[in-house]
Amino acid sequence: MAKQKDFTTLVGDGGETHQQIPKKDTHDADGHLTTDQGIRIADNQNSLRSGARGPTLLEDFVLREKIFHFDHERIPERIVHARGSAAHGYFETYESLADLTRAHLLQKPKQKTPVFVRFSTVAGGAGSVDTPRDVRGFAVKFYTQEGNWDLVGNNIPVFFIQDAIKFPDLIHAVKMESDRAFPQAGSAHDTFWDFASLMPESTHMLMWAMSDRTLPRSLRMMQGFGIHTFQFINAEGNTSFVKFHWRPLLGVQSTLWDEAIKLQAADNDFHRRDLWEAIDRNDYPSWELGIQVFDQKFADRLPYDVLDPTKLIPEELLPLRPVGKLVLDRNPDNFFAETEQVAYCPANIVPGIDFSNDPLLQGRLFSYLDTQKSRLGTANFHQLPINAPKCPVMNFQRDGQMQMSVPKGRANYEPNSLADHGEAGGPRECPVTGFATVRGRDAGGEQGDKLRVRAELFADHYSQARLFWRSLTENEQAHVASSFVLELSKVKLEQIPARMIANLRNVDESLAKRVATGLGVELPKKSKAAREPVDLEPSAALSIQQSFQPTLAGRSVGLLFTEGSDGALIRSTAKAVKDAGGQPVLIAPKVHGVMLNDGSSLDADGQLAGTPSQTVDAVAVIVSEEGCRALLKDAAAVQFVMDAFGHLKAIGTSEAAQPLLDKAGVVPDEGITSLDKAFIAAAGRRYWAREPSVRQLA
Ligand code: HDE
């Protein structure tokens, strides 16, 4: 405490002062509009002119300042993960992890730490859409009492490459092609598949990328992974390896590709809106943090290297220990100030946690700090309110652009003896509580000659890709095969699909054949694996469908109705959806004043043509006979039902709706129900068995 006070009087302050910067208001205390210099503005409608029809005067500082500021509103977007959405919340521990780590945030049960979490797509620009096939970022900033810890992960537990030196190549290849500037936000093009097919180490991640994992139903329904192996160190100095997993309490759920493509057309901001609206209605998204903890002996027994970020440790082999809960309960006040300016960095780590020698992680430790300087324009970006630690910041870093704190006194170096002469001497290092790096050899780290080589087991590029494939349901496998076909169909250079299929033969012969058949090309010769793959035990935890929990919690149900619809049925269905934790969404051909059969009038949440069924999880068609006749002539209505059926959703229906169902080609199955309890029970699921009847899969 004493030290903290010293510092505040001596050098101003890092953390606290930044927190105190008032939120920018556009008006002064009495509600008056001012310039950035605080001068009250008399007229915000007209610029200063010489005569009513005369030229505008250079003298108009109000106009000039306003336009000047506007001209500089944009900052460079992130080179990757540019498109994102974020929220505030907290992390609460279940129990003490003092046996494993001395990290302050993990010491006591029910300990709460504020967080800011940003989700993102990888390839697209900041203005791109939310639902392309893409990996999602899952970045968590914990504002702990011992400084910020950033766990900057993805929704997939492995990565494309093993070494940071390949990252610029990977990203150049996946982003829009550099001459034509398309495609935006998509991997289905020559340069990505050219690179990927030449990098067998990417095969495991490609399997995930082509699976339903890259089409999340909601940011609230994704897993998150720290990917790399990290280390814990406890107060006694004992170390262990650790991997971090986030499990959504709403369960993992994805969309179908056809659905995702149509969602893109229906709502560019589908995920951003979904996250915002859920928090806005106090339906707070939450995740459980699970850890996989192991030691060197365990690592030595594995047929893959735990420092290789293209590998995972199956949960069946090393179960997750649940350690706490993440809850997002507050939307940002300002998108730019918070979501855009937040600067995550895997190098932000707290005492008790440490990195491993994973060569991808090691490269990231440099990249993020560097990128923030070019994005935010100053080495003082850590002083922005969203980035500032919520604990004191005390050091002798000084000056730089946009310096916000006002250090007092002469102590801007250390050691100094100023305190001996009655001046404040500033903060000092603390070997006891300060961050201590795990000594390499304690944790099986290696030292040796300086070499540009990879460890031996990194050369196994296919065993885990095969493990993933064999862990999926037949339906999920068909999605993977079909995605390869669809993506590779967009590749124009002939040699690329052949090279990719040659690699896939090392994963699974039937997969390779299905992709070749789907593309209409001959099966190429199998590529030579750098290391022969081995068969690993399948892991059901890797399959979304096998761990799917049917529920309406956090999901929405579209109620399509018309003039003359059964008012009581609409109301009871909406209530039943709500009671089951879901969100009813009323959809009608017009939004205001729809007259129902009981004489009441009802407003809709969405107009039919602008609210297609892909925006909801199940549909109830509650139409009158006359209303149904009108809908038969409305392509949006027919498509609404056809897509709900094609996207394997439950459809609850009354008799009057039958002609519409017939026209949409709906064939009865267990997902097509009457509008009673059966519908509510059916609505929280997807009907995978229906898929072969509506879609040709590879
Ligand atoms: Fe990143 N990554 N990355 N990355 N990454 C960035 O940092 C980088 C990697 C991830 O919401 C950038 O602030 C390198 C793996 C997320 O703001 C940049 C390498 C994983 C986000 C950068 C990787 C990630 C980023 C761009 C290979 C999953 C968004 C802007 C060595 C564990 C964070 C920025 C947010 C962002 C570099 C690999 C996740 C350029 C060099 C592996 C979620 O610094």
Side-chain angles (χ1 to χ4, degrees), residues 75-88 115-126 130 134-141 148 150-175 199 201-202 204-205 208-209 213-214 216 219 222-230 243-246 271-272 275 307-312 328 332 335-349 355-377 381-382 384 386-387:
I75 59 171
E77 64 178 36
R78 290 164 175 81
I79 170 74
V80 278
H81 296 266
R83 167 97 188 158
S85 307
H88 295 272
V115 299
F116 188 68
V117 180
R118 182 175 181 272
F119 305 103
S120 46
T121 52
V122 179
D130 275 347
D134 199 355
V135 179
R136 299 302 190 282
F138 192 127
V140 183
K141 191 180 278 295
N148 289 351
D150 293 357
L151 185 56
V152 194
N154 279 344
N155 73 330
I156 288 179
V158 291
F159 201 64
F160 289 105
I161 47 168
Q162 296 172 327
D163 191 312
I165 202 165
K166 298 312 298 168
F167 191 68
D169 299 304
L170 166 72
I171 299 306
H172 288 169
V174 73
K175 289 205 91 140
M199 294 289 291
E201 73 198 48
S202 69
H204 185 198
M205 175 77 166
W208 284 81
R213 295 276 175 165
T214 42
L219 301 171
M222 307 189 308
Q223 276 173 302
F225 301 92
I227 298 184
H228 314 284
T229 297
F230 290 86
K243 278 182 173 278
F244 298 103
H245 298 237
W246 295 109
H271 284 157
R272 183 175 285 179
L275 180 68
L307 299 183
D308 176 354
T310 67
K311 308 294 192 297
L312 54 85
L328 298 182
F335 181 86
F336 181 84
E338 301 180 286
T339 311
E340 196 57 14
Q341 292 199 119
V342 65
Y344 294 95
C345 177
N348 292 350
I349 204 146
F355 317 114
S356 70
N357 288 343
D358 175 339
L360 192 70
L361 174 60
Q362 291 288 326
R364 295 179 73 201
L365 302 182
F366 160 72
S367 175
Y368 290 64
L369 188 62
D370 187 49
T371 216
Q372 306 313 346
K373 164 69 183 64
S374 85
R375 234 167 48 75
L376 298 165
F381 67 85
H382 61 281
L384 293 168
I386 194 67
N387 295 322

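Order of listing sets the numbers, starting from 1, for every ligand and every atom in it. All values below come from the heavy atoms of this structure, side chains included, with hydrogens, waters and symmetry mates left out.
Considering only heavy atoms from C-beta on, C345 stays 4.5 Å or farther from V152 through its side chain. When side chains are defined from C-beta on, L360 does not count as touching Q162, because their heavy atoms never get closer than 4.5 Å. When side chains are defined from C-beta on, Y344 does not count as touching H81, because their heavy atoms never get closer than 4.5 Å. Two residues are said to be in side-chain contact when any heavy atoms from C-beta on lie closer than 4.5 Å; V117 and L328 meet this criterion.
The 12-atom threshold is not exceeded at CD1 of I165, counting heavy atoms of other residues, nucleotides or ligands nearer than 6.0 Å.
Among protein heavy atoms, atom 11 (O) of ligand 1 sits closest to R118 NH1, 2.7 Å. The nearest heavy-atom contact from the protein to atom 43 (C) of ligand 1 is G153 O, 3.2 Å. Nearest protein heavy-atom neighbour of atom 33 (C) of ligand 1: Y344 CD1, 3.9 Å. Atom 40 (C) of ligand 1 has I79 CG2, 3.2 Å as its closest protein atom, hydrogens excluded (heavy atom only). Regarding atom 34 (C) of ligand 1, its nearest protein heavy-atom neighbour is T371 CG2, 3.3 Å.
Looking at ligand 1, you'll find an N or O of R78 within less than 3.5 Å of one of its N or O atoms.
Counting only residues at least two apart or in different chains, salt bridge (Lys or Arg N to Asp or Glu O under 4.0 Å) contacts with residues 358-376 are absent.
Nearest to atom 13 (O) of ligand 1 by heavy-atom distance, out of R375, Q372, R136, E77, is Q372.
Around atom 1 (Fe) of ligand 1, the protein atoms of type N, O or S that sit closer than 2.8 Å are Y368 OH.
In this structure a side-chain-to-backbone donor-acceptor pair under 3.5 Å is present from D134 to V122.
Between H245 and F225, the ring-plane angle classifies as perpendicular under the 30° and 60° cut-offs.
Expressed to the nearest 0.5 Å, how far CG of L369 lies from CG of N348 amounts to 8.0 Å.
Taking the six-membered ring for Trp, F355 and F230 have ring centres at least 6.0 Å apart.
In L360, the parts holding a heavy atom less than 4.0 Å from any atom of ligand 1 are both the side chain and the backbone.
Under a 4.0 Å criterion applied to the non-hydrogen atoms of A164, ligand 1 contributes the atoms 31 (C).
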